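Since this is a predicted model, take the numbers as computed values, not measurements. Residue numbers start at 1 and run along the sequence shown.
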Amino acid sequence: MVSTQLASSQVAQVFTGTATVGLALIGLSYVLLVVAALVSVLRSRLDGGMKAVWVLLVWLAPFVGSIAWFLVGRRSAAPHRHAL
């Protein structure tokens, strides 16, 4: 009986540790996504007004704003290449 309780306790500790590490990695990924989006916006070729709009969007809605920047904003900020 004691060994069963000990095994259950060890399993619970392993699960708790794994969950903590997983949540920490998710949190770190989230922060890196937002920071990467802000750096990318600030280094883009957009004019000051559009940069301010994108920075506000990323700041006020970090996940959605960052994803929107990488899917839509970077394309609009890239210089247009004309076919010769």
Side-chain angles (χ1 to χ4, degrees):
M1 182 75 173
V2 173
S3 65
T4 305
Q5 289 174 344
L6 182 60
S8 296
S9 174
Q10 289 174 338
V11 168
Q13 287 177 347
V14 168
F15 179 73
T16 302
T18 303
T20 302
V21 170
L23 288 174
L25 288 175
I26 291 170
L28 180 62
S29 299
Y30 179 76
V31 169
L32 289 175
L33 174 69
V34 173
V35 169
L38 286 171
V39 168
S40 180
V41 169
L42 293 174
R43 294 184 67 178
S44 71
R45 296 178 185 234
L46 293 173
D47 64 346
M50 282 307 295
K51 274 188 188 184
V53 169
W54 277 107
V55 167
L56 280 174
L57 181 63
V58 171
W59 184 258
L60 295 175
F63 185 73
V64 173
S66 297
I67 298 297
W69 168 254
F70 286 118
L71 291 178
V72 178
R74 283 180 54 168
R75 287 188 201 156
S76 65
H80 297 287
R81 295 182 184 177
H82 299 288
L84 296 177

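For I67, the side chain to side chain contact (heavy atoms under 4.5 Å, CB included) partners at least two apart in sequence or on another chain are L33, F63, L71. Residues meeting the side chain to side chain contact (heavy atoms under 4.5 Å, CB included) test with V31, sequence neighbours left out: V35. With sequence neighbours left out, W54 forms a side-chain hydrogen bond (donor to acceptor under 3.5 Å, both in side chains) with no residue at all.
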Donor-acceptor pairs under 3.5 Å, side chain of residues 46-53 to any protein atom, not counting sequence neighbours: which ones?
residue	atom	partner	partner atom	Å
D47	OD1	M50	N	3.3
K51	NZ	L42	O	2.9
K51	NZ	S44	O	3.2

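Taking a 4.5 Å side-chain heavy-atom cut-off between Ile, Leu, Val, Met, Phe, Trp and Tyr, the cluster of L28 extends to L32.
Applying the ring pair (Phe, Tyr, Trp, His ring centres under 6.0 Å) rule to pairs touching residues 18-52 yields nothing, sequence neighbours excluded.
In this structure, S40 and W69 approach most closely via the heavy-atom pair OG-NE1, 2.9 Å.
Without hydrogens or angle criteria, S66 side chain to P62 main chain gives a donor-acceptor distance under 3.5 Å.
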